[in-house]
J.: 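Would you mind keeping the following structure in view while I ask a few things?
Every chain is numbered from 1 and lettered A, B, ... according to where its sequence line falls, protein lines coming before strand lines. Fair warning: this is a prediction, and the values are worked out from it, not measured in the lab. These values consider heavy atoms only, across backbone and side chains, with no hydrogens, waters or symmetry-generated copies.
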Amino acid sequence: MPRYNPKDVEPKWQEYWLKKKTFKAEIRADKPKFYALDMFPYPSSNGLHVGHPEGYTATDIVCRYKRMKGFNVLHPMGWDAFGLPAEQHAIKTGTHPRATTEQNIKNFTRQIQALGFSYDWDREISTCNADYFKWTQWIFKQLFESWYDAQTQKARPIAELPIPAEIQKQGDPASTTYRNNQRLAYISNAPVWWCEALGTVLANEEVIDGKSERGNHPCEKRPMRQWMLRITAYAERLIRDLDSLDWHESIKHMQRNWIGRSEGAEVDFQLDGNKGALRVFTTRPDTLFGATFMVIAPEHPLIETITTPEQKSSVEAYRKQASGKSDLERGLDREKTGVFTGGYAINPVNGSKIPVWTADYVMMGYGTGAIMAVPAHDERDYAFAKAMNLSIVEVISGGDISKEAYTGDGPLVNSSFLDGLRVDAAKSKIIGWLEEKGLGKARVQFKLRDWLFSRQRYWGEPFPIVHGPNGPESIPDAELPVNLPELQDYKPTGTFEPPLSKAADWVRYSDAKKRELNTMPQWAGSSWYFLRYLDPHNDKEFCSREAEKYWMPVDLYIGGAEHAVLHLLYARFWHKVLFDLGHVSTAEPFQKLVNQGMILGEDGEKMSKSRGNVVNPDDVIGAYGADAMRLYEMFMGPLERMKPWQTSGIEGQWRFLNRAWRVTIGDDRNATVIVDREPPVELLKSAHRCIKKVTEDLNELHFNTAISAMMVYTGDLASALEKEGVAYRHTSEILAKLVAPFAPHIAEEIWQALGHNHTLAYEAWPAYDESLTVDDSVEVVFQINGKVRAKEMLSKTLTAKELEDTARANEKFAPHLANQDVVKVIAVPGKLVNFVVKPK
RNA sequence: GCGAAGGUGGCGGAAUUGGUAGACGCGCCGGACUUAGAAUCCGGUACUUCGGUGUGGGGGUUCAAAUCCCCCCCUUUGCACCA
């Protein structure tokens, strides 16, 4: 018999699975479906790192298990293939990004296949292929051709948008503009993040503390003509529907936080001197009587109206200073600064005249860009009032406002008709009062902004949009896909013009119309790829109704936590639009989400080239094989936890696989003799205990403890083989089946050696007999005051009284009771007896 | 500052309906095989002055606490002037 050699075994089965299309998935009415999804990779030139296979192995194990449990499993893989690195490579070398990408995909495919994952490769997709991005463009068209009906809370076709009579009166151009401004995809001139180093604008989500998420380059806000997607229309639903999802709370929390829903009221303050009203948003309308000044953002449009001539120069100076500060500086510098505008506003509840200041701690981008300041009950306003020596009026008792702002609850004071109420009651009463008087109303405010959707890049999806005299319009479906033009060079233009402007022939759509020059961000393709897997070769629809109904939603989605607010929010948003328009049948795409923890280098640090602590999967597979690598990554610890890699640790998995091989197949001296006899009951019990543990752990994704259980079982098989000189078919087959999801190559080999000539992938998962998983006798401990003094193997069925008597009779234990008063005896059958004693 | 997760042998980690802490693996020690080593196999392995002591630290509840309660410390991670 040959010894275990993964270099022979693994390629053999990988070829078998590919050739026989073992994992081809088809719609079948006779089986329940299971859709397991991996976050598809960007095929970088670095190839796979050990972090990728961690998530992929986890889903693969679940898929293989589910197949054996009788599920019809969909497990696809593809490529998030548009992206900046290939474009930057093209700028440097002139190589077309497509060529680079295709080569990288080849390498990724080789590496992934070497790990023996059970993907249905017939469903492989790549976001940069025309037959894929044709549908990305088509979905964009759906967004462009829709508006959000606030009444029914859903997207509707733009043709159904009612145009107000006064707009219609102004003529067609006015109606067109009105319509364009209601679309879910619209053009805006608002300030956006521009990254000079990357030569493109970026979404809010891609900029962290004023630096680009990718590359950490400085970014600045500047007004530019850009495509936006109206994700804010879905803010409420994106928050609400999180409740129905089986995701880790921390990820839900991050999304809720990002969407940032807060309830409050908007209130109009009349400006002194008939200058109109200043509108604020506040979450604390109950403290309205305590508003002693107002603050507007330096960028607020009313600032010039409010500022008096005497204050003009200092306000101008302050505005200049504030605009020079990046948001990063504004955020980090907690020292309060600001200047008085000279203007006053009237507090609507008590008519008092309060000064209006401008300060950079109020942001133009949130709420109305203006606040009512209640220093007694808001920490920021308190700090500002202290710094500027402004008055502080307590309206909620319970704190000490001479020391700090009090933000807690308590009875209201100094608040006229609100006096005596607690915060919540005061809130509803004042909102009712404001609404009645027409001074304000309840309002829900979100932090979420619309999604900046255009990039000044080459390697992305072109927009299915042309610009003519009537503004932007989408091109007919029949003209999709819009392909990228070939370029001589991919360099940024040096201006804000996208590189596609260089393709003059392509840009010209007709005499009167020009193509859109921006491309879509990388998030576009990944916002719906899980739908294309369902029906990847369909050239009539993005996927068939039938396939969508059968497979959706995704039952298990595993990937890194770094996508908590970007990809996962965008994909949910697109899915809801498609849902509203009747193209998909579920409101949410990903029912269960699991985030795998990062694998660190051996030094406990994040793996990186510069640290030189990167572990290459190719090397690990070369030395120990894919099965050992898969087992080790799952054995390291809980899937969700961050954990350091230890190459020596994989030795244990190698030994385990060798032992599993030896107890079923044999070693180089002896083939293991397999007999059909009934195995001894002890071995059978070990088998059933293992089946139970592995089955339960798989349901909970507790792979590490499942592997541990299989090691114990294999040890028992080895002992039995040692003792009896033979192995039993029954218990050997159980081992092969249990190991199969984790280490599929060796499992197939063992299965074959046991005389089967078909794949093990669809064999029934072994069932366990509960009665065989329990032992009649257990070790019961005898304690004195909670300390273990003796142990004895006893029947589980002994009563408390019998246990106590047995303990008293135990010759090792009895001496401990001498000269003691037994105060109390606690006996737990099957576990322990505890004597509570006091010295006599 | 606020939120979340976590802190257990030399190391990765088990065990949380309160009931034998340290499963399983690495490493280490010893043994078998071998001229020898590697590989493989078998056994041992929390600390200990052998009384006991031990799950980040301190208190509490309980016959009994890694597990429940209170206070504190540390690590990772997310948010951070969002009115």
Side-chain angles (χ1 to χ4, degrees), chain A residues 3 208-209 248-258 260-262 264 280-284 287 294-295 297 327 330-336 359-363 365-374 377-381 383-384 445-448 561-562 564-565 597-598 600 602 604 631-632 635-638 640-656 658-659 662 667-668 693 702 704-712 715 718-719 722 778-788 790-791 823-828 830-837:
Chain A
R3 296 172 69 158
I208 296 162
D209 292 338
H248 197 273
E249 263 317 308
S250 67
I251 298 288
K252 290 190 188 183
H253 185 262
M254 281 163 74
Q255 290 219 349
R256 286 196 190 101
N257 203 66
W258 185 261
R261 182 182 195 277
S262 43
V280 301
F281 171 74
T282 178
T283 55
R284 297 295 306 273
T287 62
M294 303 191 75
V295 185
D327 272 27
R330 264 170 87 152
L332 286 182
D333 186 9
R334 298 296 162 107
E335 285 299 303
K336 294 284 181 289
D360 65 5
Y361 83 91
V362 172
M363 313 287 159
Y366 181 75
T368 62
I371 62 158
M372 62 173 212
V374 184
H377 307 290
D378 181 284
E379 281 159 24
R380 296 148 301 177
D381 298 344
F384 192 76
Q445 176 70 39
F446 295 96
K447 267 200 299 188
L448 184 70
E562 66 272 20
V565 287
M598 201 189 317
L600 306 171
E602 299 217 43
L631 280 169
Y632 176 60
F635 187 72
M636 287 167 75
E640 279 121 310
R641 270 239 273 286
M642 184 185 285
K643 51 230 157 203
W645 179 277
Q646 284 178 351
T647 295
S648 62
I650 204 171
E651 294 277 354
Q653 308 308 319
W654 170 253
R655 283 172 202 156
F656 166 58
N658 272 286
R659 184 183 279 196
R662 204 166 49 245
D667 59 23
D668 45 5
K693 178 75 178 146
H702 293 167
N704 54 334
T705 46
I707 293 167
S708 155
M710 292 190 291
M711 288 172 161
V712 173
S719 305
E722 176 98 354
V778 284
E779 194 176 45
V780 174
V781 295
F782 303 149
Q783 299 178 324
I784 296 284
N785 290 338
K787 294 201 169 77
V788 179
K791 301 174 181 182
V823 179
K824 197 174 173 188
V825 179
I826 297 105
V828 183
K831 292 232 159 82
L832 53 74
V833 191
N834 188 16
F835 288 78
V836 184
V837 301

J.: Between B:G60 and B:U67, how many Å separate the two P atoms, rounded to a whole number?
T.: 14 Å
J.: Could you give the distance separating B:A23 and B:G43 at their P atoms, to the nearest angstrom?
T.: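 B:G43 and B:A23 have their P atoms separated by 15 Å.
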J.: Check every atom of B:C24, B:C11, B:A83 against the side chain of A:Tyr366 and return the nucleotide holding the closest atom.
T.: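 Between B:C24, B:C11, B:A83, the one nearest the side chain of A:Tyr366 would be B:A83.
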J.: Mind checking the CE-CG spacing from A:Met711 to A:Leu631? Nearest 0.5 Å is all I need.
T.: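 Here the interatomic distance stands at 7.0 Å.
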J.: Give, for atom CD1 of A:Ile784 and atom CG of A:Asn834, the distance between the pair rounded to the nearest 0.5 Å.
T.: 8.0 Å
J.: Using modelled atom types and a 3.5 Å cut-off, is there a donor and acceptor pairing between side-chain atoms of A:Asn704 and backbone atoms of A:Met636?
T.: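 Side chain of A:Asn704 to backbone of A:Met636: no pair is present.
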J.: Can you check whether A:Arg662's main-chain N or O pairs, donor with acceptor, with A:Asp667's side chain at less than 3.5 Å?
T.: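 A pair under 3.5 Å: no.
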J.: I want to check one thing: is the phosphate of B:A83, taken as OP1 and OP2, less than 4.0 Å away from some side-chain N or O of A:Ser262?
T.: yes
J.: Taking the side chain of A:Gln653 as heavy atoms from C-beta outward, which of B:G25, B:U40, B:C26 is closest to it?
T.: B:G25
J.: So how far is it from A:Gln653 CD to A:Ile707 CD1, rounded to the nearest 0.5 Å?
T.: 6.0 Å
J.: For a quick check, with a 4.0 angstrom heavy-atom cut-off, what is the B/S/- contact string for nucleotides 13-21 of chain B, read 5' to 3'?
T.: SS----BB-
J.: Measure NZ/A:Lys447 against C1'/B:C81 and give the value in whole Å, please.
T.: 11 Å
J.: Just the rounded figure in Å: distance from P of B:A5 to NZ of A:Lys252.
T.: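 After rounding, the reported distance stands at 14 Å.
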J.: Expressed as a whole number of angstroms, how long is the span from A:Glu640:CD to B:U76:P?
T.: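 From A:Glu640 CD to B:U76 P: 20 Å.
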J.: Is the base of B:G51 syn or anti, if syn means a glycosidic angle within 90° of 0?
T.: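 That one's syn.
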J.: For B:A46, what is the paired nucleotide under Watson-Crick or G-U wobble rules, both distances under 3.5 Å?
T.: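 Base partner found: B:U53.
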J.: For B:C71 versus B:G51, give the span between their P atoms, rounded off to a whole number of Å.
T.: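 After rounding to an integer number of Å, I get 41 Å for this pair.
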J.: Strictly distance-based, threshold 3.5 Å: is any side-chain N or O of A:Lys693 a donor or acceptor partner for the main-chain N or O of A:Met710?
T.: no
J.: List the steps and the verdict of side chain to side chain donor-acceptor pair (under 3.5 Å) for A:Tyr366 and A:Ser262.
T.: CA-CA 11 Å; A:Tyr366 181 75; A:Ser262 43; 2.9 Å; yes
J.: Between A:Tyr632 and A:Thr283, just flag the one whose closest nucleotide in RNA chain B comes earlier from the 5' side.
T.: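 The residue mapped nearer the 5' terminus is A:Tyr632.
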J.: Considering only B:C24, B:G27, B:C81, which nucleotide approaches the side chain of A:Lys336 most closely?
T.: B:C81
J.: Taking the six-membered ring where the residue is Trp, are the ring centres of A:Tyr632 and A:Trp654 under 6.0 Å apart?
T.: no
J.: Taking atom C1' in both B:G3 and B:G58, compute the distance separating them and give it to the nearest angstrom.
T.: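 Approximately 25 Å lies between the C1' atom of B:G3 and that of B:G58.
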J.: Taking all atoms of both residues into account, what is the closest heavy-atom pair of A:Val280 and A:Met372, and its distance?
T.: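 That would be CG1-N, 3.7 Å.
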J.: Send over the distance from A:Ile707 CD1 to B:G12 C1', rounded to a whole Å.
T.: 13 Å
J.: To the nearest angstrom, how far is A:Tyr361 atom OH from B:A80 atom P?
T.: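 Computing the A:Tyr361:OH to B:A80:P distance gives 19 Å.
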J.: Does any nucleotide pair with B:A36 by Watson-Crick or G-U wobble geometry, both distances under 3.5 Å, and what is it?
T.: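 Paired with B:A36, as far as the under-3.5 Å criterion goes, is no nucleotide at all.
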J.: Between the protein and nucleotides 47-52 of chain B, list the N/O to N/O atom pairs that are separated by less than 3.5 angstrom.
T.:
unit_1, atom_1, unit_2, atom_2, d
B:G52, OP1, A:Arg789, NH1, 3.4

J.: Indicate syn or anti for B:G9, taking the glycosidic torsion and treating anything within 90° of 0 as syn.
T.: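 Classified syn.
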J.: Reckon A:Arg261 touches a base, only the sugar-phosphate, or nothing at all at heavy-atom distances under 4.0 Å?
T.: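 No contact.
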J.: Given B:C81, B:A23, B:U40, identify the nucleotide with an atom nearest to the side chain of A:Ser708.
T.: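 Nearest to the side-chain atoms of A:Ser708, counting from C-beta on, is B:A23.
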J.: Between B:C70 and B:U77, how far apart are the two C1' atoms, rounded to whole Å?
T.: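 Between the two C1' atoms, the distance is 26 Å.
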J.: If you only use heavy atoms from C-beta on, which nucleotide in B:C81, B:C24, B:A83 is closest to the side chain of A:Met711?
T.: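 Nearest to the side-chain atoms of A:Met711, counting from C-beta on, is B:C24.
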J.: Distance check, P atoms only: B:A21 and B:C26, in whole angstrom units.
T.: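 The answer is 25 Å between these two P atoms.
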J.: Is there a Watson-Crick or G-U wobble partner for B:A5 with both distances under 3.5 Å, and if so, which one is it?
T.: B:U75
J.: If we take the C1' atom in both B:A46 and B:U55, what is their distance in whole Å?
T.: 11 Å
J.: If we call it a pair only when both distances are under 3.5 Å in a Watson-Crick or G-U wobble match, what pairs with B:G19?
T.: B:C63
J.: Check every strand shown and say whether A:Arg256 touches a base, only sugar-phosphate, or nothing at a heavy-atom separation below 4.0 Å.
T.: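 The answer is nothing, as A:Arg256 stays clear of every strand by at least 4.0 Å.
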J.: Both distances under 3.5 Å, Watson-Crick or G-U wobble: report the partner of B:G10, or none.
T.: B:C26
J.: What is the distance, to the nearest angstrom, from the CG atom on A:Asp360 to the C1' atom on B:A83?
T.: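 Answer to the nearest Å: 14 Å.
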J.: Could you tell me how far apart A:Asn658 (CG) and B:C42 (P) are, to the nearest whole angstrom?
T.: 12 Å
J.: Hey, which sits more toward the 5' end of RNA chain B by its nearest nucleotide, A:Lys824 or A:Trp258?
T.: A:Lys824
J.: Could you check whether A:Arg256 pairs with A:Glu249 (Lys NZ or Arg NE/NH1/NH2 to Asp/Glu carboxylate O, under 4.0 Å)?
T.: yes
J.: How close do A:Asp360 and A:Met363 get, heavy atom to heavy atom, and via which atoms?
T.: O-CE, 3.9 Å
J.: CE of A:Met254 versus P of B:A4: gap in Å, rounded?
T.: 14 Å
J.: Please round to the nearest 0.5 Å and tell me the distance separating atom CD of A:Glu779 and atom NZ of A:Lys791.
T.: 5.0 Å
J.: For atom P, what is the distance between B:C11 and B:C47, given to the nearest Å?
T.: 12 Å
